[in-house]
Amino acid sequence: MPPQRLAPRLIGCLLVRTLPDSTRMSGRIVETEAYLGVKDAAAHTFGGRRTLRNEAMYGPPGTAYVYFTYGMHHCMNIVCGKEGEPVAVLVRALAPVEGLEAMRVRRGGAADRLLCAGPARLCKAMDIDLTLNGSDMCSGDALFVEVSPPLPARKLTRTPRIGVDYAGDWAKKNLRWMLTDDPNVSISASKNRRAFR
DNA sequence: ATGACGATTTACT
DNA sequence: GTAAATCGTCATA
């Protein structure tokens, strides 16, 4: 499935994380970004780059691609291309649903609306790290998506992607989707608009 | 072996 | 608004 189709489709679905001790945490996905693979200058797989780090991007649809960045943060993608086609959707924010207590512990007592309001924040809150990189989200119970019916397009807002200014023309494309005015998104639409004025 | 760099977050002025 | 934190990964040598 093309990432630009999966990204809006994921909004409203439930991302579920089960810890080894059976603690269950989950959140409704409210923000995603599509990464379009070899042609996308903002993607880790631009130009067909294939390394140990991004190997999971080349796996079958439903593979989790988790990477470590800035020396301290993890981010999580859902691979959606057929095997060998490195395209994926970055999950950027959740509205916490289950396991808020456990999330608060991991997030050092941040406000509830900030628990999962960013790609690295949600990974911290849900204890998603490199041990989940390459895992199959369709078969495992450690990390998976509970699908819900697609939301109508009018409930969604599209903006350029965050943090990819280095990508030239690709930085300007509207490949970020969010639930309009949801308080749990990483950066609000209005703030984003201001950045492009 | 070395150097540069992040698909970010937080704290601070 | 700006800056610091912090280190795995990759390209270069």
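In what follows, chains carry the letters A, B, and so on, assigned in the order in which the sequence lines appear, proteins first and then strands, with residues in each chain numbered from 1.
Within residues 104-122 of chain A, the residues approached by DNA chain B to less than 4.0 Å at the level of any non-hydrogen atom are R107(A), G118(A), P119(A), A120(A), R121(A), in residue-number order. Of the residues in residues 85-96 of chain A, those placing a heavy atom less than 4.0 Å from an atom of DNA chain B are L90(A), R92(A), in numerical order. Remark: F68(A), Y70(A), G71(A), M72(A) in residues 62-79 of chain A come within less than 4.0 Å of DNA chain C through at least one heavy atom. Contacts of residues 123-136 of chain A with DNA chain C (heavy atom under 4.0 Å): none. Only Y35(A), A42(A), H44(A), listed by number, bring a heavy atom of residues 26-61 of chain A to less than 4.0 angstrom from any atom of DNA chain B.
Paired with Y35(A) under the rule side chain to side chain contact (heavy atoms under 4.5 Å, CB included), one option of V87(A), D40(A), T45(A), L175(A) passes, and it is D40(A).
Between the side chain of R161(A) and the backbone N or O of E33(A) there is no donor-acceptor pair closer than 3.5 Å. Remark: side-chain polar atoms of T18(A) are not paired, donor with acceptor, to backbone N or O of A142(A) under 3.5 angstrom. The main-chain N or O of V30(A) is never found under 3.5 Å from a side-chain atom of W177(A) such that the two would form a donor-acceptor pair. No donor-acceptor pair closer than 3.5 Å links the side chain of E98(A) to the backbone N or O of G27(A). In terms of modelled atom types and a separation under 3.5 Å, the side chain of R17(A) and the main chain of M126(A) share a donor-acceptor contact.
Applying the side-chain hydrogen bond (donor to acceptor under 3.5 Å, both in side chains) definition to pairs two or more places apart or across chains, those involving residues 139-153 of chain A are R24(A)-E146(A), D136(A)-S139(A).
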Distance-only donor-acceptor hits, side chain of residues 102-111 of chain A, under 3.5 Å, sequence neighbours excluded:
unit_1	atom_1	unit_2	atom_2	d
R104(A)	NE	D112(A)	OD1	3.0
R104(A)	NH1	E101(A)	OE2	3.2
R104(A)	NH2	D112(A)	OD2	3.1
R106(A)	NE	K124(A)	O	2.9
R106(A)	NH2	D127(A)	OD1	3.2
R107(A)	NE	L115(A)	O	2.9
R107(A)	NH2	L114(A)	O	3.0

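Note: the hydrophobic cluster containing V38(A) does not contain M57(A) (ILVMFWY, side chain heavy atoms under 4.5 Å, direct or indirect links).
Here CE of M25(A) is found 8.5 Å from SG of C116(A). Values are rounded to the nearest 0.5 Å. Rounding to the nearest 0.5 Å places NE2 of H44(A) at 8.0 Å from SG of C75(A). Atom CZ of R92(A) sits about 13.0 Å away from atom CE of M76(A), to the nearest 0.5 Å. To the nearest 0.5 Å, the span separating CZ on R9(A) from CD1 on I29(A) amounts to 10.5 Å.
Residues that satisfy the side chain to side chain contact (heavy atoms under 4.5 Å, CB included) test with A56(A), not counting sequence neighbours, are T63(A), Y65(A), N133(A). Partners of H74(A) according to the ring pair (Phe, Tyr, Trp, His ring centres under 6.0 Å) rule, which considers only residues two or more places apart in sequence or in another chain, are F68(A). For P61(A), the side chain to side chain contact (heavy atoms under 4.5 Å, CB included) test picks out no residue, with sequence neighbours left out.
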Response to the item:
For DNA chain B, the expected dot-bracket line (Watson-Crick or G-U under 3.5 Å, [ ] crossing, | inter-strand) is ||||||.|||||.
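Through direct or indirect side-chain contacts shorter than 4.5 Å among Ile, Leu, Val, Met, Phe, Trp and Tyr, F144(A) is connected to L14(A), V16(A), V97(A).
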